[in-house]
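The next block holds one structure in the form of structure tokens; read it before the comments.
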Amino acid sequence: MVERLPCPDGLRLVLTPNRSLSWHGNVRIWIGLFVVSAFITTGFSLAGAWVIIPFAGLELIALACGIYVTSRACQRQEVLVIGDENIRLEKGIRRKQSEWTLPRRYARLSVHAPRHPFTPARLFLSHRDTQLSLGGFLNLEDTEKLLDILEHRGLLIELKEPDADIGLWF
């Protein structure tokens, strides 16, 4: 998601992944699956297949770990502040973990064209040897919205064709 926030220094954009469910919603889903698994496991245990109990427990632990990792990844956030002189990019999960400041006059936005029409372009803020990924978690619509905003703010945009040497991006 791309959200504009008021900023006295210029333009502030907050970039976040789309979150389909809150943490409490994820916990409710896990509890529901736990109850279903408990009924099934109890039925099989009463029928004499008690060996299913540890596997059902491992399955629920693995599911809880997957929900936690996914929910934590959805808490990522990037804040882009475009001022008159500088561009500041802050990244982190729930709090600022890293920050970069680039001079606006010499910074450029590299747009790497997608290999498939349904995937978004990859965006990078560049200045000399510094190349910072921007909004790698955004969907196609949000990436186009971000590109439109940055283009109207006068940021130099550099289009690049897909590169076979880059590999997979997560």
Neighbour count above 12 (heavy atom, 6.0 Å) for Glu141 CD: no

Arg72 side chain reached by Ile93 side chain, heavy atoms, under 4.5 Å: yes

For Ile67, does its backbone N or O pair with a side-chain atom of Ser71 as donor and acceptor, under 3.5 Å? no

How long is the gap from CG on Leu123 to CG on Leu132, to the nearest 0.5 Å? 12.0 Å

Identify the residue among Val35, Thr42, Val36 that makes a side chain to side chain contact (heavy atoms under 4.5 Å, CB included) with Phe39. Val35

For Leu150 and Leu80, run side-chain contact (heavy atoms from CB on, under 4.5 Å): C-alpha distance rounded to whole Å, both residues' side-chain angles, the deciding distance at 0.1 Å, then the answer. CA-CA 10 Å; Leu150 295 177; Leu80 182 66; 3.8 Å; yes

Tell me, do Asn18 and Met1 make a side-chain contact under 4.5 Å, heavy atoms counted? yes

Considering only heavy atoms from C-beta outward, does the side chain of Thr119 approach that of Arg115 to under 4.5 Å? no

With a 4.5 Å cut-off on side-chain heavy atoms, are Trp100 and Leu125 touching? no

Starting at CZ of Arg108, measure out to CD1 of Ile87 and round the result to the nearest 0.5 Å. 11.5 Å

What do you reckon, is CH2 of Trp23 surrounded by more than 12 foreign heavy atoms closer than 6.0 Å? yes

Backbone N or O of Ser133 within a donor-acceptor pair of the Lys91 side chain at under 3.5 Å? yes

Glu78 to Gly135 - nearest heavy-atom pair and separation: OE1-N, 2.8 Å

Nearest 0.5 angstrom please: Leu15 CG to Thr143 OG1, how far? 9.0 Å

If we only count heavy atoms from C-beta on, is the Ile149 to Arg4 side-chain gap below 4.5 Å? yes

Are Phe124 and Ile157 co-members of a hydrophobic cluster defined by side-chain heavy atoms under 4.5 Å apart? no

What I want to find out is whether Arg88 reaches Glu90 closely enough, with some N-O distance under 4.0 Å, to be called a salt bridge. yes

Tell me whether Tyr106 shares a hydrophobic cluster with Leu156, the cluster being built from Ile, Leu, Val, Met, Phe, Trp, Tyr side chains joined at under 4.5 Å. no

Compare every heavy atom of Leu155 with every heavy atom of Ala107, then report the nearest pair and how far apart it is. O-CD1, 4.4 Å

Mind listing the closest non-hydrogen atom pair of Thr16 and Phe137 along with its distance? C-CE1, 3.4 Å

Ignoring hydrogens, what is the shortest heavy-atom contact between Ser37 and Ala56? Give both atom names and the distance. OG-CB, 3.9 Å

Mind checking the CG-CG spacing from Leu11 to Leu5? Nearest 0.5 Å is all I need. 9.5 Å

Given 3.5 Å as the limit, does a donor-acceptor pair link the side chain of Arg122 with the main chain of His112, or not? no

Around atom CZ of Arg153, are there more than 12 heavy atoms from other residues, nucleotides or ligands closer than 6.0 Å? yes

Min side-chain heavy-atom separation Pro120-Asn139 under 4.5 Å: no

Same cluster for Ile31 and Leu21 if Ile/Leu/Val/Met/Phe/Trp/Tyr side chains link at under 4.5 Å? yes

Membership question, hydrophobic clusters at under 4.5 Å side-chain separation (ILVMFWY): are Leu33 and Ile40 in the same one? no

Hey, mind stepping through Lys160 and Glu158 against salt bridge (charged side-chain N to carboxylate O under 4.0 Å, His left out) and telling me if it holds? CA-CA 7 Å; Lys160 295 191 175 192; Glu158 182 178 89; 3.6 Å; yes

Below 4.5 Å, heavy atoms only, C-beta onward: do Leu89 and Leu134 meet side chain to side chain? yes

Check whether any side-chain heavy atom of His127 sits under 4.5 Å from a side-chain heavy atom of Pro103, and report yes or no. yes

CZ (Arg105) and CG (Asn86) are apart, to the nearest 0.5 Å, by 11.5 Å

Can you say whether the rings of His116 and Phe118 are parallel (under 30°), tilted (30 to 60°) or perpendicular (over 60°)? tilted

Might you confirm whether atom CD of Glu85 has over 12 heavy atoms from other residues, nucleotides or ligands at distances under 6.0 Å? no

Should Val14 and Leu138 be regarded as members of a common hydrophobic cluster, given that ILVMFWY residues are connected when their side-chain heavy atoms come within less than 4.5 Å of each other, either directly or indirectly? no

From Leu159 atom CG to Leu109 atom CG, the distance as rounded to the nearest 0.5 Å: 9.0 Å

Could you go through Thr70 and Asn26, starting from their C-alpha distance and side-chain angles, then the distance that decides it, and tell me whether this counts as side-chain contact (heavy atoms from CB on, under 4.5 Å)? CA-CA 10 Å; Thr70 302; Asn26 284 326; over 6 Å; no

